Number of protein chains: 2
Amino acid sequence: MSLRHAVLGLLSEAPASGYDLLKIFEMSLANVWPATQSQLYGELGKLTDAGLIEVAAEGPRGRKEYRVTEAGLAELRHWIAEVPPNTVPRSDVLLRVFFLGALPADQAVAYLRSLARDAENDLAHLRSLVPHVECQDDNLSVYGRLALEWGLRASELRREWAEWAEEQIRSLNVTPRD
Amino acid sequence: MSLRHAVLGLLSEAPASGYDLLKIFEMSLANVWPATQSQLYGELGKLTDAGLIEVAAEGPRGRKEYRVTEAGLAELRHWIAEVPPNTVPRSDVLLRVFFLGALPADQAVAYLRSLARDAENDLAHLRSLVPHVECQDDNLSVYGRLALEWGLRASELRREWAEWAEEQIRSLNVTPRD
DNA sequence: GCTCGACATGTCTCCACTGGAATGTCGAAG
DNA sequence: CTTCGACATTCCAGTGGAGACATGTCGAGC
């Protein structure tokens, strides 16, 4: 249900075509709310029908540039401020952790170690994005920086937690059961 | 696709009926992988068809107690160790952060503040769970503790980040643009 | 003048998840 | 002995996302 609001949000910053949006999704929202072209174009159609966006201009190759309407902006604001964020995010990573007991201890440790490595990689990747957003000053960048900071902190947390967890399992396993 | 592995994982600890599983989901997996009864019973049927679990015993009220088969256990281990964790978790909270620019600054600040409050509540809730899992010693509890620790750390992170973000917005807004 | 790659929009099917509802059984308390 | 609440299962309609596929246009460079 949030894809529509992601689209509204992006269009509220600047008019764009479906193709443009696709690019923006790949770049800046890839880590927050990935979307495919089918979803995007479908949503653009529905939003137009609902009167929340409208075609601002047509260009070459059938390009349609969309922009939010007043109603769309109102809906966006309403969603941000008043709709309760929904639900527990599901984590298949954490789910695996729950069942690590089904694996021999050395494999469990290896799994946790690989989580730490993944987190480290993500961290490196996010850090590489920092210079990109640092200099810009549009709304999306300002708030994008907040989101990026979240990502940085979360990746660090994942790494530290994985290292801690690995240590836990190790110590459980080494100590005799007396 | 992970619901089936959650079911396999739980059944690998102990045989259980659909109803039992539902309870377990509500208690220990509620924050990791919530599931409804329709999903659960559906999945139990599919898993049985696939030969990954089997009916171990039938009880009163049509109760069917399931247990994993060898094939099921193998599938579980394979999933944990070898299937790459999938994808970016979507966060509608973070998505809202991206578009906070659509709101007047004071509302943006209020939103961040409410995030901090939510995180605080979650933290309190998770802390209340700590004594529950602390004493037990089965596999699920051991690894459940790891998951719980993750939750604690993540909630703290959310609170701290929200407070930091609020400060960022405030300072941006107060400083003159010269 | 042709071709290739980027631009651009759409359709279709499958699967997971949601939420609701219907149905029936057993045990305990009054 | 009756009734109520916990136990227990099954079905269904609707929605949203994933991913594959189909189609067409323009511009640059050879």
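Each chain gets a letter, A, B and so on, in the order the sequences are listed, and its residues count up from 1. The analysis underlying the following values was restricted to heavy atoms, covering all of them including side chains, and did not include hydrogens, waters or symmetry mates. Bear in mind that the values here come from a model prediction, so they are computed numbers and not experimental data.
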Note to self: Please report the distance, rounded to the nearest Å, between CG in Leu22(A) and C1' in dA18(D).
What the structure shows: 14 Å
Check: 5'-most contact on DNA chain D: Pro60(B) or Gln39(A), nearest heavy atom basis?
Finding: Pro60(B)
Notebook entry, point to check: Roughly how far apart are Leu3(B) CG and Arg90(A) CZ, rounded to 0.5 Å?
Noted result: 8.0 Å
Notebook entry, point to check: Does CD in Glu70(B) sit with more than 12 non-hydrogen atoms of other residues, nucleotides or ligands closer than 6.0 Å?
Noted result: no
Notebook entry, point to check: Rounded to whole angstrom units, what separation is found between the CD atom of Gln37(B) and the C1' atom of dA6(D)?
Noted result: 15 Å
Checklist line | Side chain of Lys23(B) (C-beta onward), nearest among dC7(D), dA8(D), dC7(C) | finding: dC7(D)
Notebook entry, point to check: Ile24(B) CD1 to dA8(D) P: how many Å, rounded?
Noted result: 12 Å
Margin query: For Arg113(B), run the salt bridge (Lys or Arg N to Asp or Glu O under 4.0 Å) check against Glu166(B), Glu167(B), Glu120(B) and tell me which one passes.
Written below: Glu166(B)
Notebook entry, point to check: How many Å lie between CD on Glu43(A) and P on dT11(C), as a whole number?
Noted result: 14 Å
Item checked: Separation of dT9(C) P from Leu47(A) CG (nearest whole Å) -> 14 Å
Check: Starting at OH of Tyr66(B) and ending at P of dA8(D), how long is that distance when rounded to a whole Å?
Finding: 13 Å
Margin query: Just N and O in the side chain of Tyr19(B): are any of them under 4.0 Å from OP1 or OP2 of dC7(D)?
Written below: yes
Checklist line | Proximal nucleotide (of dG20(C), dA8(C), dA16(C)) relative to the Lys46(B) side chain | finding: dA16(C)
Note to self: Quick check for you: among dA8(D), dC21(D), dG20(C), whose closest atom lies nearest to any side-chain atom of Ser38(B)?
What the structure shows: dG20(C)
Next item on the list: Check every atom of dG19(C), dA8(C), dG19(D) against the side chain of Arg63(A) and return the nucleotide holding the closest atom.
Entry: dA8(C)
Margin query: Strictly below 4.0 Å: does Tyr41(B) bring a side-chain N or O up to OP1 or OP2 of dT10(D)?
Written below: no
Next item on the list: Round to the nearest Å and state the distance from Leu3(A) atom CG to dA18(D) atom C1'.
Entry: 12 Å
Next item on the list: Please tell me which of Arg90(B) and Leu44(B) maps to the more 5' nucleotide of DNA chain D, matching each residue to the nucleotide holding its nearest heavy atom.
Entry: Leu44(B)
Note to self: Which nucleotide wins on minimum distance to the side chain of Lys64(A), given the candidates dT18(C), dA8(C), dT9(C)?
What the structure shows: dT9(C)
Note to self: Testing Ile80(B), Val32(B), Leu76(B) one by one against Arg96(A) for a side-chain contact (heavy atoms from CB on, under 4.5 Å), which residue passes?
What the structure shows: Ile80(B)
Note to self: Does atom NE2 (His125(B)) have a neighbourhood of more than 12 heavy atoms from anything else shown, all under 6.0 Å?
What the structure shows: no
Note to self: Please report the distance, rounded to the nearest Å, between CG in Asp20(A) and C1' in dC7(C).
What the structure shows: 10 Å
Check: Looking at dA20(D), dA8(C), dA8(D), which one has an atom nearest to any side-chain atom of Arg61(B)?
Finding: dA8(D)
